[in-house]
*Asks:* 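Got a structure for you, written out below as structure tokens; questions coming shortly.
Since the model is a prediction, treat every value here as computed from it, not as a measurement. Labels below follow one simple rule: chain letters A, B, ... track the order of the sequence lines, proteins then strands, and each chain is numbered from 1.
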Amino acid sequence: MQFFNTLTRKKEEFMPIDSREVRLYTCGPTVYNYAHIGNFRAYMFEDLLKRYLIYKGYKVKHVMNLTDVDDKIIKAIYRQNISITDYTQTYKDAFFRDLETLGILRADITPAATETIPEMVELVRSLLQKGFAYTTDEGSVYFQIAKFPGYGKLANLNTDEMQKGKRVENDEYEKEELRDFALWKGYKEEDGDVYWETELGKGRPGWHIECSAMSTKYLGNHFDIHCGGVDNIFPHHENEIAQSEGATGEKFVNYWMHCKHLIVDGQKMSKSLGNVYSLRDILEKGYSPEAIRLVLLNTHYRQTLNFTFEKLDAAEKNILKMRSFFKSLCNTDTSAAQFGPLVTEAEAEFDNCLADDLNISGAVGALFNLMKSVNSDLEGRKISETDAQKIMEFMKKSDSVLNVGRYEEALKAEDLSSEEYTLIAQRLEAKKAKNWAEADRIRDLFKEKGILLKDGPDGTTWERS
RNA sequence: GGCGACGUACCCAAAUGGCUAAGGGAGCGGUCUGCAAAAUCGUUAUUUACCGGUUCAAUUCCGGUCGUCGCCUCCA
């Protein structure tokens, strides 16, 4: 399989360091607010990557950090006058709930920055010792970019010519060179009671250091894949490379993968436009988590995803179609098998597409192509037991990656009570007797319960809405 | 200013140096049906922003034009 590596700016054959286990680090949220769909686009891309690796038989060791101390959090708790842990816990909990709703596999380890302070301090000490960092009078520690020759290779930036921007106010700390970045921020009054007393002095960690510390702690100095949104390329990931490789002298990460951003209705998300949607906002509009998942999944990760409600509507229909196709496979007879080669072909196509830098459109296309061919060749006739089994197996297997059909669950959830079965039988009797009033009465009865009765040539089927 | 990406039908979106340029949504036409809904079938790009070049052959490679977008210090 091939992935596009940001570091080399080309697709590369993927070879994990350990042939059986892939070590994966993904940048997690800053827990200062509820996550929005843009955030989830990134986690969805990472979920696709992870599920596909698992589909290919790899074990995946996945670490995702939680940034639970930073400027925004400190400002917020100061305003609201609550403790930092109370504040961040709310958003940590909400984050994991949302991931579960979207069917995103949880990372094996989700360390928080505030739980990794000793490791960060150790890393900074090592950088100081090796001469990559310096301490200022205020007790802050900075990474000295001039000392690290490869700086800029990930973002493809020539840092010598980096614009000397005017917006230095963002960073009120004094440093030798503008481009140097903070490893440790010396205590300031605004920090209130957010500080740690360490060998580096009283203060708090810089942002970039936590990812270097956590990834190394759980995945080793050198691991396979590191993911995030494109905005992380610079400066965050560039700085991580500098810190980690500076400290260990080893290569940090083999494959860097970044997804592009999500926009809404063709526009950048912004509070003033009122288009910053949380997961709950969209669920409240009546859309299913699976449809949201499919929309977030269905645009290639290196392409800007334009999130629209039209796409959600289409996704709902796609999922309905997939499930209804799966359901029709339960209706078999003794006809001869004929679709074996078609299924094999679809499965190969599905796999090949994903193996090509996660070409999701092609993979989903393979699935729909199969459904179309089968339906069209069948023309209303029933399918053989052997074919049904083969196709169901492929549908379920592909759904271990897509996780939108959830076929067996969906079938189970649709099952009716014995009273309801009796009613449907009664309705069929009424229909036979051409007692349309009674038949419609029963149909309305079901409708009130959110169950749609559908009369077909072989009797009545139903669907929960 | 520097670095980079993109422009495929009404909309979304793959693929490819030459075979019918996937698939989905929407529209239209049919099947099914007491009615309905759903499902399902068929159909919708002589053509890949525009102009040149390379080539037997380009939408695909190269150059230019126009347009959209991202990054260049803490936003997934």
*Asks:* Between W436(A) and G34(B), do the rings stack, that is, sit under 5.5 Å apart with planes less than 30° off each other?
*Replies:*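 Stacking is present between G34(B) and W436(A), given that their ring centres fall under 5.5 Å apart and the planes under 30°.
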
*Asks:* Which nucleotide, U40(B), C74(B), G24(B), lies nearest any side-chain atom of N375(A)?
*Replies:*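 Ranking U40(B), C74(B), G24(B) by closest atom to the N375(A) side chain puts U40(B) first.
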
*Asks:* Quick one: look up who G17(B) pairs with, Watson-Crick or G-U, both distances under 3.5 Å, and put none if it's unpaired.
*Replies:*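 Its partner: none found.
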
*Asks:* Strictly by Watson-Crick or wobble contacts shorter than 3.5 Å, is anything paired with A39(B), and which nucleotide is it?
*Replies:*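 Partner of A39(B): U31(B).
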
*Asks:* Is R323(A) salt-bridged to E290(A), cutoff N-O under 4.0 Å?
*Replies:*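 The answer is yes: the pair qualifies as a salt bridge.
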
*Asks:* Test for a donor-acceptor pair under 3.5 Å between the base of C35(B) and the side chain of D455(A), counting only N and O atoms.
*Replies:*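 Under the 3.5 Å cut-off, the side chain and the base do form a donor-acceptor pair.
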
*Asks:* Would you call K75(A) and D70(A) a salt bridge, taking side-chain N to carboxylate O under 4.0 Å as the test?
*Replies:*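 Judged by the 4.0 Å cut-off on N to carboxylate O distance, K75(A) and D70(A) do not form a salt bridge.
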
*Asks:* So which nucleotide from A39(B), G24(B), A76(B) ends up closest to the side chain of F368(A)?
*Replies:*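 Looking only at side-chain atoms, F368(A) lies closest to G24(B).
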
*Asks:* Is there a Watson-Crick or G-U wobble partner for U60(B) with both distances under 3.5 Å, and which nucleotide is it?
*Replies:*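 U60(B) is unpaired by these criteria.
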
*Asks:* Does the side-chain ring of H261(A) lie flat on the base of A76(B), meaning centres under 5.5 Å and planes less than 30 degrees apart?
*Replies:*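 Here H261(A) meets both the 5.5 Å and the 30° conditions.
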
*Asks:* For D231(A) and H261(A), does a side-chain donor sit closer than 3.5 Å to a side-chain acceptor?
*Replies:*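 There is such a pair (donor and acceptor under 3.5 Å, judged by atom type) between the side chains of D231(A) and H261(A).
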
*Asks:* Would you tell me whether S212(A) and S244(A) have side-chain atoms, one donor and one acceptor, within less than 3.5 Å of each other?
*Replies:*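 The answer is yes; a qualifying pair exists.
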
*Asks:* Could you tell me whether the side chains of T26(A) and H62(A) share a donor-acceptor contact shorter than 3.5 Å?
*Replies:*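 There is such a pair between these side chains.
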
*Asks:* Name the pairing partner of G23(B), where a pair is Watson-Crick or G-U wobble with both distances under 3.5 Å, or state none.
*Replies:*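 Across all strands, the one nucleotide that pairs with G23(B) is C12(B).
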
*Asks:* Searching all strands shown, indicate the nucleotide that pairs with A49(B) (Watson-Crick or G-U wobble; both distances under 3.5 Å).
*Replies:*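 WC or wobble partner is U65(B).
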
*Asks:* Could you check which residues of residues 296-318 of chain A get a heavy atom under 4.0 Å from RNA chain B? Sort them by number, please.
*Replies:*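 Within residues 296-318 of chain A, the residues near RNA chain B are H300(A), Q303(A), K311(A), A314(A), K317(A), N318(A).
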
*Asks:* What's the closest nucleotide to the side chain of R443(A) if the choices are A5(B), A76(B), A36(B)?
*Replies:*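 Nearest listed nucleotide: A36(B).
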
*Asks:* Can you tell me how far P in U60(B) sits from the matching atom in G42(B), rounded to whole Å?
*Replies:*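 Result for the P pair: 32 Å, nearest Å.
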
